[in-house]
Number of protein chains: 2
Amino acid sequence: MDETKLNWEDLRLFLAVARAGGLSAAVSDTGKSAPTLGRRMLAVEAAVGGELFRRLPRGYELTEQGEDLLARIADLETQIQSLGRFGRGPAVIKISAGSWMTYVLCRHIHAIQDGLGATRLQFISAEHVLDIAHREAVIGIRNRRPEQRGLACRKIGHVRFAGYATGKSVRPWVRVAVKTPSAAWLAAQPDSGDAVEVTSPRNALDLACAGAVRAVLPTFVGDAQEGLLRVTPTIPELSHDQWLVTHDEERFQPNVRRVIDRIYEIARSLHRGA
Amino acid sequence: MDETKLNWEDLRLFLAVARAGGLSAAVSDTGKSAPTLGRRMLAVEAAVGGELFRRLPRGYELTEQGEDLLARIADLETQIQSLGRFGRGPAVIKISAGSWMTYVLCRHIHAIQDGLGATRLQFISAEHVLDIAHREAVIGIRNRRPEQRGLACRKIGHVRFAGYATGKSVRPWVRVAVKTPSAAWLAAQPDSGDAVEVTSPRNALDLACAGAVRAVLPTFVGDAQEGLLRVTPTIPELSHDQWLVTHDEERFQPNVRRVIDRIYEIARSLHRGA
DNA sequence: AATGATCTTTTCATGGATGAAACGAAACTG
DNA sequence: CAGTTTCGTTTCATCCATGAAAAGATCATT
């Protein structure tokens with residue numbers, strides 16, 4: 001590519017268009033008009049020398065090169081966002097965890113947030129694993145030690161699952177329409193026939209608390225929940241370790257460090273209590 | 001700062017102005033006029049919310065905040081330069097070493113460069129230590145193991161110094177006007193009175209080969225030089241180890257890896273020969 | 001097949017960013 | 001200390017990137 005022609009500002013616009021999935025969708029994010037965005041995208045493609053998008057009638061779709069570029073520029077973005085802060089670390093710390101851990105962290109939000117000043121927190125609750133190496137998330141909670149280089153890992157503890165309900169008499173299971181190990185385990189059970197189904201794991205807890213169903217929950221969630229008791233033994237197949245993962249370079253920033261320590265403390269006390 | 005106002009393109013212009021040391025000096029690098037550069041710099045300062053420059057009559061001088069920003073953006077630049085290359089690694093690999101090691105590497109340029117394709121090499125021969133953590137240099141050769149995180153180190157060998165000349169009868173020393181350990185050592189010698197002086201270490205070798213002076217040289221340079229012989233024993237105070245230092249993340253890029261390996265081989269064979 | 005919806009792209013008038021030239025300020029120079 | 005050089009800044013006419021509007025393209029729906 002000819003990097004002399006590459007306008008850095010266009011990279012940001014590319015980021016917006018790539019994320020929004022099209023020109024018109026990116027208009028509100030960028031403050032630029034669709035024609036301008038279209039022209040800038042052509043300029044980026046000319047500069048990097050490759051097809052970045054497939055122009056479909058319903059919008060733009062990233063090519064493989066485009067996906068690659070998106071990941072790299074997303075990395076740049078987080079660095080640029082913290083540029084003006086002169087040693088105070090990133091302006092927004094992203095926390096990526098499964099929905100249960102996110103739930104617990106949200107309950108303890110005050111302990112995590114206290115004294116952070118202008119730093120904002122952003123919870124990314126997604127079951128699929130984000131690519132932390134590209135710093136799409138600064139702090140991650142994972143169920144296995146990542147093999148990638150440049151990541152700092154700390155073992156938090158061990159997570160166990162069990163069936164929970166308001167009482168043994170509650171029979172039907174709640175089914176969670178997500179591809180998680182616990183959902184897969186439940187689907188494989190013979191007696192889970194007439195299950196209620198929810199799309200969000202959090203609603204499974206709500207239903208269980210309402211006394212309507214039994215739900216597969218991590219013990220650190222189920223045991224802490226008033227009114228719920230274990231209606232099955234712990235499920236060995238679902239047990240796994242839990243790791244706190246950070247990008248190597250950023251974990252020494254004061255505000256990142258503080259958030260890591262607090263999450264670690266919260267998580268440890270959870271597992272100690274269980 | 002208000003990152004919504006920050007124009008990424010302005011960051012590149014900042015980089016040029018900061019490096020050039022002023023607006024007019026940055027005109028040729030950027031293709032923008034001085035008035036425009038002045039306005040863009042004001043915009044950057046407004047966006048990051050701080051004074052980046054001291055406007056002196058002879059040009060711009062960076063404030064502490066400005067220095068900080070420069071280092072961070074220099075990091076961004078190397079990442080952006082390799083953006084369009086889609087997995088092929090950085091477009092330009094920077095090699096930072098002392099002048100003697102640079103000299104040797106330049107002599108072996110073909111072995112290093114062979115089969116690199118479009119990747120360009122850039123030798124940074126500076127006696128002062130560059131900040132490799134900010135990726136201003138991708139590959140560095142240092143005389144001690146750096147303590148910073150995220151750097152991969154490989155010990156190359158041990159460097160010894162001695163006095164060299166075309167014969168024992170050559171008495172005067174050549175003085176090198178650079179702040180290096182060897183120059184300091186020579187200045188501390190009592191019998192270095194009527195020395196010739198050069199500013200570039202490389203010229204000291206030229207003078208010694210011409211039979212005019214004796215010079216303090218690393219043995220891997222002096223021994224390999226036709227017509228030069230040792231006129232002093234090795235100087236123990238100047239002996240030091242030599243390390244090959246890389247940024248942790250980039251050393252696995254194929255083209256970086258290749259250059260590292262070749263430099264390592266060249267350096268090893270140097271020290272084995274000595 | 002026709003209609004509508006939802007995109008992108010083209011057209012074209014406009015305004016804001018741009019740079020040439022003039023100006024001003026400070027530091028060398030003899 | 002005047003002359004000269006070397007910067008940055010201001011001014012202002014110019015021009016190019018920009019966005020509104022229209023056109024074009026494709027899919028969804030009836």
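Source: prediction; values computed, not measured.
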Using the test side-chain hydrogen bond (donor to acceptor under 3.5 Å, both in side chains), find all partners of [X] that sit at least two apart in sequence or belong to another chain.
X	result
A:Ser33	A:Thr36
A:Thr30	none
A:Glu61	A:Arg54
B:Arg171	none

Does B:Gln113 have any side chain to side chain contact (heavy atoms under 4.5 Å, CB included) partners at least two apart in sequence or in another chain, and if so, which?
->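 Residues passing side chain to side chain contact (heavy atoms under 4.5 Å, CB included) with B:Gln113: B:Ile109, B:Leu121.
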For [X] and [N], give me the distance from atom [atom1] to atom [atom2], rounded to whole Å.
X	N	atom1	atom2	value
A:Leu42	C:dT8	CG	C1'	11 Å
A:Met41	C:dT9	CE	P	11 Å
B:Leu23	C:dA25	CG	P	17 Å

Along DNA chain D, first and last positions that approach a heavy atom of chain B under 4.0 Å |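 First-to-last contact on DNA chain D, by the 4.0 Å heavy-atom rule, is D:dT6 to D:dT10.
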Mind checking B:Gly31 for me? I need base, sugar-phosphate or nothing, with any heavy atom below 4.0 Å counting as a touch.
->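 Sugar-phosphate, backbone atoms only, no base.
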Could you tell me, to 10°, how much the axis swings from one end of the helix from C:dA1-D:dT30 to C:dG30-D:dC1 to the other, five pairs per end?
->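 The two end axes of the helix from C:dA1-D:dT30 to C:dG30-D:dC1 meet at 30°.
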Quick one: salt bridge (charged side-chain N to carboxylate O under 4.0 Å, His left out) pairs with a partner in residues 204-215 of chain B, sequence neighbours left out?
->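 Listed by first then second residue: B:Arg202-B:Asp206.
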Please collect all salt bridge (charged side-chain N to carboxylate O under 4.0 Å, His left out) contacts where either partner lies in residues 26-40 of chain B, sequence neighbours excluded, each pair once.
->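 Output for this query lists B:Asp10-B:Arg40.
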Donor-acceptor pair, side chain of B:Glu67 and main chain of B:Thr63, under 3.5 angstrom |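 Side chain of B:Glu67 to backbone of B:Thr63: no pair is present.
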Output all residues satisfying salt bridge (charged side-chain N to carboxylate O under 4.0 Å, His left out) with A:Arg55, sequence neighbours left out; order by chain, then residue number.
->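 Checked A:Arg55 against salt bridge (charged side-chain N to carboxylate O under 4.0 Å, His left out); matches are A:Glu45.
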Residue mapping more 5' on DNA chain D - nearest nucleotide basis, A:Leu37 or A:Pro57 =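 Whichever sits nearer the 5' end wins; that is A:Leu37.
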So which protein N/O to nucleotides 11-18 of chain C N/O distances come out below 3.5 Å?
none

ring-ring contact (aromatic ring centres under 6.0 Å, His included) pairs, two or more places apart, involving residues 14-33 of chain B =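 Checked against ring-ring contact (aromatic ring centres under 6.0 Å, His included) - neighbours excluded - the pairs reaching residues 14-33 of chain B are B:Phe14-B:Phe53.
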Starting at the 5' end of DNA chain C, which residue's closest nucleotide do you reach first, A:Arg58 or A:Ala34?
->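 The residue closer to the strand's 5' end, by nearest nucleotide, is A:Arg58.
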Residues, nucleotides or ligands: over 12 heavy atoms within 6.0 Å of B:Glu51 CD =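 Not more than 12 within 6.0 Å, no.
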